[in-house]
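Computed from a prediction, not measured in an experiment: that's the story for all the values here.
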Amino acid sequence: LKTTGLFCLMAMSGIFLPAAHETIVSVFENIFCDIGDEQSIEQSLSTFSSHIKNISHIAQSLNRNSLVLLDEVGAGTDPAEGAALALAIAEYILDSGAKSVLTTHYGRLKEFSLTTPKVASASMEFDTSTLSPTYRLVLGIPGSSNALDIAGRLGLCQKIVDNARGKLSSEKVTFENVLRNADTLRREYKAQLDEINSLKASIQEEYAKAADQTRILKEERERLLSGSQIEAKRIVSNAKAEAEELLDKLKKMVRAAALEEKSLFEARSVIKKLDDKKYDVTAEEPDIITG
């Protein structure tokens, strides 16, 4: 509750938040809170009276642009009446349009969070094996109080714990079992999700390696292809130069007034070489085209 209120005040004051990127924080006209025990002998206020006095002031002042933070709403009095009062206060805040965060151990308020539109449940994860909080906020599932389990682990006589467990109503036992089963399923799902995310990270890493290898092979292919094109062009250029040289030689023979037998034989040889050059050049052309 304190973190929520402080973060909103910090954001509204222009102070950077120690929060994840793209975190969204609302701006409020008023932030009301009732946290802790404000009982006072001087003012003749019990724990319950001090809470009600604060909540009364909040109820008279809140509007749609308000944030309300209430700790253990309805506590300090008869549990049945306290739960009914907490439920009524939650409905009043909801109807006002204000945003609120309420903490509670009342089962009725937990049920209210699961069955009412625009209301979400959450719980702070608690490790019963070590009797210590994990400081993880679990959204969507109200937490189980685990009071009897904690009492037993802290050394309270097991006979007392068992006796207390037997005095729980069947509805209470059923609801607590539902919460525990939901939490068990959540933990199993989280373990599977962590495994999937780990596998996904490995696949992405392998994909990145494959993509990098593909890039290297492509660059090598282009380099080799470029080298082949250059070599093909060089061969064609040489063949063309030789062919032009032979053509010039043949033209000179044709211009001669008379062709001797030796010159005629030489001309036929030149023509044959020209035919060979045409064949060689043509043979090189497909490489150039495909390249």
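One distance of note links OG of Ser26 with CE of Met12; it measures 10.0 Å at 0.5 Å rounding. For the atom pair CD1 (Ile52) and CD1 (Ile55), the distance works out to 5.0 Å, reported to the nearest 0.5 Å. For the atom pair CG (Asp34) and NZ (Lys53), the distance works out to 12.0 Å, reported to the nearest 0.5 Å. Once rounded to the nearest 0.5 Å, the distance linking CG of Leu217 with CG of Asp212 reads 10.0 Å. Atoms NZ and CG, on Lys99 and Leu62 in that order, are 13.0 Å from each other to the nearest 0.5 Å. Taking CG of Leu139 as the reference point, atom CD1 of Ile141 lies at 9.5 Å (rounded to 0.5 Å).
Put simply, the side chain of Ser13 gets close to the backbone of Leu9: a donor and an acceptor are under 3.5 Å apart. Judged purely by atom type and a 3.5 angstrom limit, Thr23 has no side-chain atom pairing as donor or acceptor with the backbone of Ala19. Here the side chain of Ser198 pairs no donor or acceptor atom with the backbone of Asp194 at under 3.5 angstrom. Formation of a donor-acceptor pair under 3.5 Å by the Tyr106 side chain with backbone atoms of Glu72 is not found in this model. When atom types are taken as modelled, the side chain of Ser96 and the backbone of Ile93 share a donor-acceptor pair closer than 3.5 angstrom. Within the 3.5 Å criterion, the main-chain N or O of Leu193 finds a donor-acceptor partner in the side chain of Asn197. Remark: side-chain polar atoms of Thr77 are not paired, donor with acceptor, to backbone N or O of Phe48 under 3.5 angstrom.
Between Leu70 and the options Val101, Thr103, Thr104, Ile58, a side-chain contact (heavy atoms from CB on, under 4.5 Å) holds for only Ile58.
Connectivity analysis of hydrophobic side chains (ILVMFWY, heavy atoms under 4.5 Å, direct or indirect) links Ile203 to Leu199. Connectivity analysis of hydrophobic side chains (ILVMFWY, heavy atoms under 4.5 Å, direct or indirect) links Val25 to Phe7, Met10, Ile15, Leu17. Residue Ile24 is found outside any hydrophobic cluster, as its side-chain heavy atoms come under 4.5 Å of no other Ile, Leu, Val, Met, Phe, Trp or Tyr. Counting Ile, Leu, Val, Met, Phe, Trp and Tyr side chains that sit under 4.5 Å apart, directly or through other members, Tyr135 stands alone, with no cluster partners.
Of all heavy-atom pairs between Leu102 and Ala90, the closest is CD1-CB, 3.7 Å. Closest of all the heavy-atom pairs between Ser121 and Ser113 is CB-OG, 3.1 Å.
Linking ILVMFWY side-chain heavy atoms closer than 4.5 Å, directly or via other members, places Leu6 and Phe16 in two distinct hydrophobic clusters. Cluster membership for Tyr92 and Leu69, using ILVMFWY side-chain heavy atoms within less than 4.5 angstrom, is not shared.
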Quiz item: side-chain contact (heavy atoms from CB on, under 4.5 Å) between Cys8 and Ile31: does it pass, once the steps are laid out?
Solution: CA-CA 9 Å; Cys8 289; Ile31 297 179; 3.8 Å; yes
Exercise. Start with the C-alpha distance between Phe112 and Leu87, add both sets of side-chain angles, then the distance that settles side-chain contact (heavy atoms from CB on, under 4.5 Å), and finish with yes or no.
Key: CA-CA 8 Å; Phe112 173 76; Leu87 193 58; 3.5 Å; yes
Practice problem: Would you check, one step at a time, whether the test side-chain contact (heavy atoms from CB on, under 4.5 Å) holds for Val119 with Leu94? | Solution: CA-CA 8 Å; Val119 178; Leu94 182 63; 3.9 Å; yes
Self-check item: Intermediate values then yes/no, side-chain contact (heavy atoms from CB on, under 4.5 Å), Met124 and Val138
Solution: CA-CA 6 Å; Met124 294 304 297; Val138 181; over 6 Å; no
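Annotation: salt bridge (Lys or Arg N to Asp or Glu O under 4.0 Å) contacts of Glu219 (sequence neighbours excluded): Arg215. For the side chain to side chain donor-acceptor pair (under 3.5 Å) test, residues two or more places apart in sequence or in another chain that qualify with Asn63 are Ser66.
Using a 4.5 Å heavy-atom cutoff, the side chains of Gln213 and Lys209 are not in contact.
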